[in-house]
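Note that these values count all heavy atoms, side chains included, but never hydrogens, waters or copies made by symmetry. Everything quoted here is computed from the prediction, not taken from an experiment.
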Amino acid sequence: MSGLLAYFQYQALFLWLVLAAGWTLSAVNRRRERLRRLGHHKVHRCGGGGGSCGGGGGVYFAPNSAGRIEKGSGSRSGYTLANRSPDGAIAVAGDDARHLTTSPICGVVASGNGYGGGATGANGDADMGGAVRRAAASQARLRCGSYTHPSPAVLPPVCAVMPVKGCRPHSLNNWKSLLDLQYGADLEFVFVVESREDAAVSALEELLNQTGCEAPGAPGRKTGVKMRVVVAGLAQSCSQKAHNLCAGIESCDPRVAREQGYILCLDDDVALHPGSLRDLVEDLQRRPDVFMATGYPYDVPPPGSSFAAYLALAYHLPLLIAFSIAPDTAFVWGGCMLLRADRLLPGDPGGLLRAWRNGGYSDDLILASYCTERRLGIRVPPFAIFPQRLDASMTWAAWLNYLHRQLFVLDTYTNEHNRKTNHTMMWLHSILSWLLVLPSLAALLTLVTQFCKALVGLAIAAAVGRHGLVAGTAPLLPLLQLPGGAVAVAAGWAAAHCALVFMTAEILALFRVLSPNPVVQHVPLSWFRWGRLWAAMMLSNAVLPVVMTYTYFVPTVVWGGVVYRKRGGRVTPICRR
């Protein structure tokens, strides 16, 4: 029996190390993104000949936070936009920061018309536009194997569809921050409600008046962002969210599809960074072979958060790894989905909306299956991570309902491919949870028992005056007899803890770069209570297989006041409270 326990404890060690590796890789990717952005905004002086950035005194420009170009200083005349690549040499002229394409390996490759119609190289020579661009492209190919085209000066239109229900205390500020996104092209927000009686309607009308967004029938507003409210009606054969998404997408202007634009699907509580939309669009513009881009939230527990709030945080932490290890993925998060509009409009040519409407419950899992089945690419860039404030007063009942809803989706599907994918995740999630938690709890119990024995031995030795602390090691013998499996689990957990703290620190630092002037204050690392978090991690994974089994055999769940019943993987006619 002890040998079997030791085997499972070494299995737990392996799982802890997997978590540590995943969180470390996530931290490294976020750090690279943060340093890339910080380096992109640094001013690099360009000097003497050869077109390389060096120590000379050239004239330079640097993009500021508004995306414009500011003139630098130097001994030469002319206007030159230059940057330094890690291997030391590439500086190309241009008249707009949007024409820059940066790479952590290749540096900067830019193209443009130059200031006043002529292109200027880093050495100050004028009127070299075509030659400089060709030389830059050639150098980029030599360094990286392929040339990355610069971002377009004119971005395509985007229609953002957001299903909303009710108005929570933070909703108005969050929606206002979304309307202030720095995109710089046609952008329309479609807020979708189930009925006119929804409390969100009056709040959205107030927001429209406050922000002065353009509304249908009211041209001449003070901003170029459009905003309107769509009433979708009550869902009958799918989740209300999927129903609202379909209604909102179908109400979008078909011009978005004709002009190769995008549909952005958002949850109403997602807090995007000011430049997130533009970054996501430009990422897809550089990858025409990819269908969509997504992201993932990082849960932030406010000070004084309940233990149930940490349970919700603990559920997301292992899942974050799937959205962090590589920008090309097979996973989708429903809170932020940027889709190419020509597959949705007009008339749903790709069939995604029909899949959502025909008994669909989970918009993101259906979309992930839709993409993998058709070999459509999914991107999750390292900057696509968003802060999500947890409810500090979350109750145990609310957490159990939350966990039930999260696991309920794994037994819903639209076809056989979707069913196999979801059920595989269901059983793997359950088995791995117990393989991690149960041996770890046994190791923890062993360690606590042995330490208690050592303390008792020391106390007895001191009490009877046998000088055990000096004469021998008998009282400390339990510490020298710790099982190898228990020590291995403790070492694996220590590695995972260091990786988790490292990742959290890097993500919070990236948030400060992506949102230099946030709507709410930046989150300090001191907000996190690590002991409470690890206790929540253990309990959450211990309870998960039980709730998963309950979800598999009980066909109903309550979400947003609606009772959903599944049959054959699809939502049947629903009941409202």
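Residues that satisfy the salt bridge (Lys or Arg N to Asp or Glu O under 4.0 Å) test with E250, not counting sequence neighbours, are R357. Partners of W399 under the ring-ring contact (aromatic ring centres under 6.0 Å, His included) rule, at least two apart in sequence or in another chain, do not exist in this structure. For F528, the ring-ring contact (aromatic ring centres under 6.0 Å, His included) partners are W530, not counting sequence neighbours. With sequence neighbours excluded, the residues forming a side-chain contact (heavy atoms from CB on, under 4.5 Å) with W559 are S239, K241, Y361, R405, Y564, listed by chain and number. Under the salt bridge (Lys or Arg N to Asp or Glu O under 4.0 Å) criterion, D299 pairs with no residue, sequence neighbours left out.
Using bins of under 30°, 30° to 60° and over 60° for the plane-to-plane angle, the ring pair Y402/H316 lands in the perpendicular bin. In this structure, F189 and F191 have parallel ring planes: the angle between them is below the 30° cut-off, well short of the 60° mark.
The closest donor-acceptor contact from the side chain of D348 to the backbone of L353 lies under 3.5 Å. A donor-acceptor pair under 3.5 Å is formed between the side chain of T424 and the backbone N or O of K420. For the pair D283 (side chain) and D279 (backbone), a donor-acceptor distance under 3.5 Å is absent. Listed for the S177 side chain is a donor-acceptor partner under 3.5 Å among the backbone atoms of N174. A side-chain donor-acceptor contact under 3.5 Å links T372 to the backbone of S369. Although no hydrogens or angles enter the test, the distance criterion places no donor-acceptor pair under 3.5 Å between the side chain of D267 and the main chain of D269. Remark: the backbone N or O of G261 is not paired with any side-chain donor or acceptor of R255 at under 3.5 angstrom. Using a distance-only test at 3.5 Å, with no hydrogens or angles considered, no donor-acceptor pair links the side chain of R529 to the main chain of Y310. A donor-acceptor contact shorter than 3.5 Å links the side chain of N422 to the backbone of T412. Judged by distance alone, with hydrogens and angles left aside, the side-chain atoms of R278 form no donor-acceptor pair with the main-chain N or O of L155 at under 3.5 Å.
Note that the CE atom of M162 and the CG atom of L245 stand 11.0 Å from one another [nearest 0.5 Å]. Atom CG of L311 sits about 9.0 Å away from atom CG of L403, to the nearest 0.5 Å. Rounding to the nearest 0.5 angstrom, the gap separating the CH2 atom in W23 from the CD1 atom in I325 is 14.5 Å. Distance check, rounded to the nearest 0.5 Å: CG of D342 to OH of Y262 gives 9.0 Å. Interatomic distance, M537 CE to R532 CZ, rounded to the nearest 0.5 Å: 15.5 Å. To the nearest 0.5 Å, atom CZ of residue R37 and atom CZ of residue F383 are 6.0 Å apart.
Shortest non-hydrogen contact noted between R570 and Y413 is CG-O, 3.7 Å. Closest approach of L435 and A12 over heavy atoms only: O-CB, 3.7 Å. Listed here is the closest heavy atom pair of A496 and W16: CB-CE3, 3.7 Å. C336 and T294 make their closest contact through O-OG1, 2.9 Å (heavy atoms, listed as atom of the first residue, atom of the second, distance). Residues G360 and V571 share a closest heavy-atom pair of O-CG2, 4.1 Å. V256 and P157 make their closest contact through CG1-O, 3.8 Å (heavy atoms, listed as atom of the first residue, atom of the second, distance).
Using a 4.5 Å cut-off on side-chain heavy atoms (C-beta onward), I378 and V332 make contact. In this structure, Q240 and K165 have side chains that are not in contact, with every pair of non-hydrogen atoms separated by 4.5 Å or more. Taking the side chain as every heavy atom from C-beta outward, E259 and P156 never approach each other to under 4.5 Å. A heavy-atom distance below 4.5 Å is not found between the side chains of P318 and H429. Considering only heavy atoms from C-beta on, S440 comes within 4.5 Å of M538 through its side chain. Contact of the L277 side chain with the L178 side chain is not registered, since no non-hydrogen atoms from C-beta on lie closer than 4.5 Å. Put simply, the side chain of L272 reaches to within 4.5 Å of the side chain of L266, judged on heavy atoms. Side-chain contact between L15 and L432: present, with at least one pair of heavy atoms (C-beta onward) separated by less than 4.5 Å.
Tested against M292 for a side-chain contact (heavy atoms from CB on, under 4.5 Å), the candidates V380, I263, L367, L338 yield a single pass: L367.
Using a 4.0 Å cut-off between charged side-chain N and carboxylate O, D253 and K226 make no salt bridge. Taking 4.0 Å as the cut-off between side-chain N and carboxylate O, E33 and R30 do not count as a salt-bridged pair.
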task: Please step through side-chain contact (heavy atoms from CB on, under 4.5 Å) for the pair M337 and L264, ending with a clear verdict.
output: CA-CA 6 Å; M337 305 180 294; L264 176 66; over 6 Å; no
- prompt: Checking side-chain contact (heavy atoms from CB on, under 4.5 Å) for the pair R343/L352: CA distance, chi angles, key distance, verdict?
  reply: CA-CA 8 Å; R343 274 193 166 265; L352 175 61; over 6 Å; no
- prompt: Can you check side-chain contact (heavy atoms from CB on, under 4.5 Å) on N358 and T414, steps first, answer last?
  reply: CA-CA 8 Å; N358 187 19; T414 58; over 6 Å; no
field: Residue pair L339, C265: steps toward the side-chain contact (heavy atoms from CB on, under 4.5 Å) verdict
entry: CA-CA 8 Å; L339 315 170; C265 301; 4.3 Å; yes
Ignoring hydrogens and angles, write down the donor-acceptor pairs under 3.5 Å from the side chains of residues 499-511, residues two or more places apart or on other chains.
unit_1 : atom_1 : unit_2 : atom_2 : d
T504   : OG1    : Y298   : OH     : 2.5
T504   : OG1    : L500   : O      : 2.9
E506   : OE1    : R34    : NH2    : 3.1
E506   : OE2    : R31    : NE     : 3.0
E506   : OE2    : R31    : NH2    : 2.8

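For R374, the CZ atom is densely surrounded, since the number of other residues' heavy atoms within 6.0 Å is greater than 12.
Side-chain rings of H497 and W493 approach one another, their centers coming within less than 6.0 Å.
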